[in-house]
Structure formats: C-alpha cells, structure tokens
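For reference, the structure is listed below as structure tokens.
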2 protein chains.
Amino acid sequence: MTKTKDISAEEKILEAARQVFENKGMSGARMQEIADEAKINKSLLHYYYRSKQKLFEAVFKTAFHKLAPQINIILNSDQSICEKIRNFSMNYTSFMIKHPYLPNFILQELNRNPAFVKELISTKTFPSMKNFQKQIREAVANKKIRKIEAEQLFINILSLNIFPFVAAPLLKGFINANDKEYKTVLENRKVEVAEFIIQSIKL
Amino acid sequence: MTKTKDISAEEKILEAARQVFENKGMSGARMQEIADEAKINKSLLHYYYRSKQKLFEAVFKTAFHKLAPQINIILNSDQSICEKIRNFSMNYTSFMIKHPYLPNFILQELNRNPAFVKELISTKTFPSMKNFQKQIREAVANKKIRKIEAEQLFINILSLNIFPFVAAPLLKGFINANDKEYKTVLENRKVEVAEFIIQSIKL
DNA sequence: ATAAAGTTTAACCAAATGGTTAACAAAGAT
DNA sequence: ATCTTTGTTAACCATTTGGTTAAACTTTAT
C-alpha cells in the first residue's frame, strides 16, 4: 500500500497552516480550515501546537527565517556594492516569484503586532547594518559612489525589490496587466532594478 | 448644554470604523469595538450600515479615494517629469506621515480580495497610465532621459515612496531606529527619494 | 397637540470558533 | 502477551460575534 504518509502529520499541519495563514492572516484564518487543508482532525492541531497563537508563531518564524538570509546578501557578504545590488535583485525576485505571499504576510503581521519585531531582533540570524554602513561610508569617502546614507540606500533597495510583490494586485490594476503580463514585468525587474539603483549612486 | 454632537452619529461611526479597520483589518475588527470607539450602541452600526461588510466597504472606498488623487499627480498633470517626481515624493510622504496606516490597510485588503480591484477600476477617479506613458516615450525619444519603460519607472516611484510606510515596523528593526528617529528618516526621504530617481533616469 | 418619521438603546439569538475531554487505535518497550 | 507511550478521532463546551427585534425617545411635519 502506497502510504500518503511519507510526510508526518506535524509537517502536513505546518504546511497547511502556512498556506491558510499566508492567505488570510492570523485573524482571518480558521483552525477548521487548516485541519481540512491538512486532511486531519482539528484536535490534532491542538495536540501538536497547543493553540492557534502557537501554531501561528511557528509558521511566522519559519517564514521569516526564509527571508533573513536573503537580506544578509546585502548586509553581510564580501561582495562589492554593485555585486550586492545585482545579486540581491536577481536572487530576491526569483525567490519571491516562487513565494509571492510571503512578504505581504510578514509585513501584515508585523504591522498588527509591532512589538513582535523585538523578539525577532534577539534572534542570531537577524541581520545587522554595521558592515554595510562601513562599506557605504568608505565608498563615499573614496569617491566611488555619490554621497548617500547607508540607511536610505538600504531602504531603497528593499523598496524596489519587495514592494512590487506586496502591492501586486494594485499595481496590476494601475498598469492594466493580467497575471501573466505582470509576471513578465517582474521578470524584467530582476536586472532593471539593479541598473536603476546603480545608476542612481554613480558619481 | 454643550453637545458633543456637532458630529452626527453616522460620521462618528465612520471615523471609529476607519480607525479600527485600519489597525486590525476586516477580519480582525470587531463591531463591538467600533461601537465602543464611537461611543454608541452596537445596533446603530447596523442601523446606518447594514452589515460589517457594508461598513467596511464604506471605509475602504473613502480611504482609496484619498489616495487616488495623489497618484494622479504623476499620471495626469502637465508638469515635467522631474517636477512630477519631486512634487509627488514631497506631497505623498507628507500625506502619509499624517495617515501612516492607510497604505498598509489598502494593500492588505486588496491582497485578501484581489477581485476588489476590478470594482475600483470602474471608478471614474481611477488613474490611467496613458498620458504618463506618452510623456516617458517622448522624453526617451528626445534623449531627455535614458531608455526606460513607463511601467517600470512608475513602479519604482511608488515603491520608493510607499514601501517605507508599509514596512515601517520591519525597517525600524533593521536600521535600529525608534519612532522619532524613523520619522526623521522619512522626512529626509521627501527630497532624497526624488533625487535618487532623477539621478537614475538621467542620460 | 398629534401623528409620522427618524434615531437610539437593551435584550436576545443563532452560528461560528478556539479549545477540551475521553475514548480508541497503533506502536514500542518489557 | 501486556503495559505504556504516542497518535488520532468524535463529541462536546464556553465564549465570541455579527446580526435582529421591539420598545423608547427625539425630531419634524401637519
């Protein structure tokens, strides 16, 4: 008998919960819906994760820990500034096309509960600006790039790469694109955005 | 007797609903909480707006119609490209500092129900890309700016201006800023962002 | 003054929802 | 074999929640 049970119940729950939470958010998600999606009894949810809140936190942390390494490409790697910008724009957009609900999910829940950021910061994997700040200051001092604050540049890089996913429905409306056309627009951004940024910090 | 009732109940409800919906979203908001916030009986909510859904839609449409005119600065005004970029970055950021929850609220609910965009598009006030597209194509043809698609530039402008509000809690964490410091960062962006964009489309 | 229309409230209600319990089944341990 | 631990389920429960009803109060029209 081929058992559908190569994956444990616990894993099925986490995957189902991810799907439902990402689509509906914490308050919109229903425990019954997660159970149905995982094809198990609702009580099992409480057996493995004691409450909705706990289950949610498990999903959220998993999601966040998928994104943090991406950010670290910019903040903590020994590439040149241009390399960082090109690599990040390429990698991040590729990654997001595969997980389009992730950024919206994370931003939404952090807005709902801003204090939650504090918890994340204490994590070892939470990215720090220090190295990046040093790199930018040196590049500015050595006249490699125009004068710009590291924080502002960092925000610009994230904005240009993440926003098109968070605001996808709205932007689709504005530029009057269907799903397929919009995906093409996003594909083009993989290089477009990097050049846009590099152009703007040139001397 | 000084009556607290210069504002009608209906207006009090809408204002209270705005506050609660913007903070908690459609599914997180509670009718009782809205009633308490407006200091009226819960039944009155149903008297003026028949259901939670209807009340939500009223709030949402009001919110959206506050933003649409801002977008039209870029898309439909007879300013030069640089003027548009500078004015929009200035106005939009000023406006958002006063209504920081607006963009997140709108994006969240559009993600929850993407079909809702269709309804908005039929609105007369919904911005169209046409004029802007023409302006950019001409500027590119006349070698005023480097080659760039109008859609990509448009997305870039919105990303750089809106994302810092949508992602505020996260960005505060990354750049290690408290509320006051972050507000300064945003203030600086009013001009910083415009120059960033203009620099990147120069020939 | 009185009727009619509009506004506001307290008391209710049915459905949905997160969570618990207790019984049952499967798998290891002795 | 039997005992113990782990996994799974159906039935149940208390609370929350959006929504209704009917009565009372206020304003406006006649």
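Chain letters run A, B, ... following the sequence lines, proteins first, then strands; residues in each count from 1.
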What does [X] touch in the nucleic acid at a heavy-atom separation under 4.0 angstrom: a base, only the sugar-phosphate, or nothing?
{"X": "B:A29", "value": "sugar-phosphate"}
{"X": "A:Y49", "value": "nothing"}
{"X": "B:Y47", "value": "base"}

How long is the line joining [atom1] of [X] and [atom2] of [N], in whole Å?
{"X": "A:L44", "N": "D:dG7", "atom1": "CG", "atom2": "P", "result": "9 Å"}
{"X": "B:L45", "N": "C:dA10", "atom1": "CG", "atom2": "C1'", "result": "15 Å"}
{"X": "B:K12", "N": "C:dT8", "atom1": "NZ", "atom2": "C1'", "result": "11 Å"}
{"X": "B:Q32", "N": "D:dG18", "atom1": "CD", "atom2": "C1'", "result": "11 Å"}

Note to self: Does anything in residues 144-163 of chain B form a ring pair (Phe, Tyr, Trp, His ring centres under 6.0 Å)? List the pairs, not counting sequence neighbours.
What the structure shows: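 Found A:F174-B:F154.
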
Checklist line | Neighbours of DNA chain C within residues 13-27 of chain B, by heavy-atom distance under 4.0 Å | finding: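 Under 4.0 Å from DNA chain C: no residue of residues 13-27 of chain B.
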
Next item on the list: Report the C-alpha distance between B:F105 and B:N23 in whole Å, list the side-chain angles of each, state the deciding distance to 0.1 Å, and finish with yes or no for side-chain contact (heavy atoms from CB on, under 4.5 Å).
Entry: CA-CA 8 Å; B:F105 170 64; B:N23 276 296; over 6 Å; no

Next item on the list: State which residues pass side chain to side chain contact (heavy atoms under 4.5 Å, CB included) with B:K144; sequence neighbours excluded, sorted by chain then number.
Entry: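 Once residues adjacent in sequence are excluded, the partners of B:K144 under the side chain to side chain contact (heavy atoms under 4.5 Å, CB included) criterion are B:A139, B:N142.
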
Would you tabulate the pairs of protein nitrogen or oxygen atoms and nucleotide nitrogen or oxygen atoms of nucleotides 19-25 of chain D closer than 3.5 angstrom?
residue, atom, partner, partner atom, Å
D:dG19, OP2, B:H46, NE2, 3.3
D:dG19, OP2, B:K52, N, 2.7
D:dG19, N7, B:K42, NZ, 2.7
D:dG19, O6, B:K42, NZ, 2.7
D:dT20, O4, B:S43, OG, 3.1

Check: Out of C:dT8, C:dG18, D:dT8, which nucleotide sits closest to the side chain of B:A9?
Finding: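 Taking heavy atoms from C-beta onward, the closest nucleotide is C:dT8.
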
Next item on the list: Determine yes or no for a side-chain-to-main-chain donor-acceptor pair under 3.5 angstrom, with A:T93 supplying the side chain and A:M90 the backbone.
Entry: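 Checking the backbone N and O of A:M90 against the side chain of A:T93, no donor-acceptor pair under 3.5 Å is found.
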
Notebook entry, point to check: What residues, two or more places apart in sequence or in another chain, satisfy side chain to side chain donor-acceptor pair (under 3.5 Å) together with A:E181?
Noted result: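 Side chain to side chain donor-acceptor pair (under 3.5 Å) list for A:E181, sorted by chain: empty.
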
Checklist line | Within residues 93-120 of chain B or reaching into it, pairs that qualify as salt bridge (Lys or Arg N to Asp or Glu O under 4.0 Å) - sequence neighbours excluded | finding: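 The answer is B:K61-B:E119, B:E109-B:R112.
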
Next item on the list: Mark yes when over 12 heavy atoms from residues, nucleotides or ligands other than B:R146 sit less than 6.0 Å from its CZ; otherwise mark no.
Entry: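 Atom CZ in B:R146 is crowded, with more than 12 foreign heavy atoms closer than 6.0 Å.
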
Margin query: Would you say NZ of A:K24 has more than 12 non-hydrogen atoms from neighbouring residues, nucleotides or ligands within 6.0 angstrom?
Written below: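 Open: at most 12 neighbouring heavy atoms sit under 6.0 Å from NZ of A:K24.
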
